[in-house]
Amino acid sequence: MKITLLCENEVCDMHWLAEWGFSAFIEYDGQKILFDTGFSDVYRHNAAKAGVDLDTADFVALSHFHNDHTGGLRHHGFTGRKKILMHPRVLEELANPKSKSFAKGYREIHRILTEDFDVIPAKGATEFTDGAFFLGEIPRSNDFEAGEFDGDAMPDDTALAFRTDKGVVVVTGCSHAGICNICDYAKQITGQPLYAVIGGFHLLAEDNPPLAETIAWFKAEAPEVLLPMHCVDFPALVAFHNEFGSTKYAAGDVIEL
């Protein structure tokens with residue numbers, strides 16, 4: 001399994017571009033999945049630099065509707081219609097944005113999704129290719145996680161899970177649903193223990209996150225690979241490094257599992 005980070009808040013060296021957002025190109029058992037697209041065309045620039053042909057993607061998947069994960073769809077450049085997995089609320093929120101400042105961009109993303117893609121709405125967990133799961137709506141199983149963002153319950157926030165010989169690999173976009181909630185559900189759906197957790201964990205001091213409880217939860221689970229990024233601030237990254245030896249990965253990095 002190979003994960004190429006196409007968009008992240010930082011870069012691995014000077015040859016890449018970064019922005020606040022997330023996108024990953026995942027190669028798993030002969031299938032290729034573009035997971036999220038960042039905010040702009042940064043993911044396309046970095047894909048070209050990495051030698052990743054985005055047109056070979058078998059599936060596209062969206063973690064939630066926020067434009068730092070969906071905005072890049074405005075620059076997709078696919079030569080044919082791609083299958084795209086998302087919670088049905090994504091289309092609803094893009095069509096009727098609550099924020100006036102984002103309204104134009106969100107409606108443009110909605111138009112592109114409906115005109116250029118074959119949308120696969122998935123509210124429940126969906127095995128879209130053998131061993132690979134779009135998790136759909138995440139149960140809120142841990143009381144220490146808010147499971148929401150700025151008053152929005154975020155039922156559309158989700159992640160991908162992949163069965164491997166070593167356990168389940170979880171790839172997250174932003175984890176508004178709660179990173180531990182997501183991992184609990186991934187274990188339930190795949191029937192495997194945690195092997196790797198990679199992506200945005202949404203641990204930002206301004207939101208008063210349950211950092212100590214999250215670290216304690218991961219200590220009990222003991223995944224072999226733990227790579228927080230994107231919406232994780234520096235104090236949280238330091239805490240994960242001190243406890244687990246976690247390394248911060250960024251745009252341009254390749255993770256092989």
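Here the structure is a predicted model, which means the values were calculated and not measured.
- With sequence neighbours excluded, no residue satisfies ring-ring contact (aromatic ring centres under 6.0 Å, His included) with Phe39.
- Partners of Glu243 under the side chain to side chain contact (heavy atoms under 4.5 Å, CB included) rule, at least two apart in sequence or in another chain, are Ile215, Lys219.
- Hydrophobic side-chain contacts under 4.5 Å tie Phe234 into a cluster, directly or through other members, with Val238.
- Ring to ring, Phe128 and Phe59 are close: their centroids are under 6.0 angstrom apart.
- Residues Glu145 and Arg140 are not paired through a salt bridge, judged by the lack of any N-O separation under 4.0 Å between the basic side chain and the carboxylate.
- Between Asp152 and Arg89 there is a salt bridge, since at least one side-chain N of the basic residue sits less than 4.0 Å from a carboxylate O of the acidic one.
- Smallest separation of non-hydrogen atoms from Ala161 and Ala186: CB-CB, 4.0 Å.
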Salt bridge (Lys or Arg N to Asp or Glu O under 4.0 Å) between Lys98 and Glu93, worked out
CA-CA 8 Å; Lys98 296 179 177 65; Glu93 289 297 323; 2.9 Å; yes
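- Every residue two or more places apart in sequence or in another chain was checked for a ring-ring contact (aromatic ring centres under 6.0 Å, His included) with Phe25, and none qualifies.
- Residues passing the side chain to side chain contact (heavy atoms under 4.5 Å, CB included) test with Asn9 are Trp20, His230, sequence neighbours excluded.
- Applying the under-4.5 Å side-chain rule to Ile, Leu, Val, Met, Phe, Trp and Tyr, the cluster around Leu17 extends to Val42.
- Atom-to-atom distance recorded for His87:NE2 and Glu92:CD is 8.0 Å, nearest 0.5 angstrom.
- Residues Leu62 and Phe134 approach most closely at O-CE1, 3.5 Å, considering heavy atoms.
- Ring planes of Phe78 and His76: parallel class, angle under 30° (limits at 30 and 60°).
- Placement of Phe244 and Tyr249 in two distinct hydrophobic clusters is found when ILVMFWY residues are connected by side-chain heavy-atom separations under 4.5 Å, directly or transitively.
- Among residues two or more places apart in sequence or in another chain, the side chain to side chain contact (heavy atoms under 4.5 Å, CB included) test is passed with Asp13 by His15, Trp16.
- What you find for Glu8 and Ala251 is that their closest heavy atoms are CB-N, 3.6 Å.
- Distance check: Leu226 CG to Thr247 OG1 gives 10.5 Å after rounding to the nearest 0.5 Å.
- Residues in residues 54-83 take part in these salt bridge (charged side-chain N to carboxylate O under 4.0 Å, His left out) pairs, two or more places apart or across chains: Arg81-Asp118.
- Partners of Asp233 under the side chain to side chain contact (heavy atoms under 4.5 Å, CB included) rule, at least two apart in sequence or in another chain, are Leu204, Ala205, Pro235, Ala236.
- The NE2 atom of His241 sits 14.0 Å away from atom NZ of Lys248, with the distance rounded to the nearest 0.5 Å.
- Under the ring-ring contact (aromatic ring centres under 6.0 Å, His included) criterion, His202 pairs with Phe149, His176, sequence neighbours left out.
- Residue pairs meeting the salt bridge (charged side-chain N to carboxylate O under 4.0 Å, His left out) criterion with at least one partner in residues 175-184, sequence neighbours excluded, are Asp184-Lys187.
- Annotation: ring-ring contact (aromatic ring centres under 6.0 Å, His included) contacts of Phe65 (sequence neighbours excluded): Tyr106.
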Would you sort out whether Glu137 and Thr158 count as a side chain to side chain donor-acceptor pair (under 3.5 Å), showing the intermediate values?
CA-CA 6 Å; Glu137 206 158 312; Thr158 191; over 6 Å; no
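- When each of Asp36, Leu5, Thr37 is tested with Tyr43 by the rule side chain to side chain contact (heavy atoms under 4.5 Å, CB included), just one qualifies, namely Thr37.
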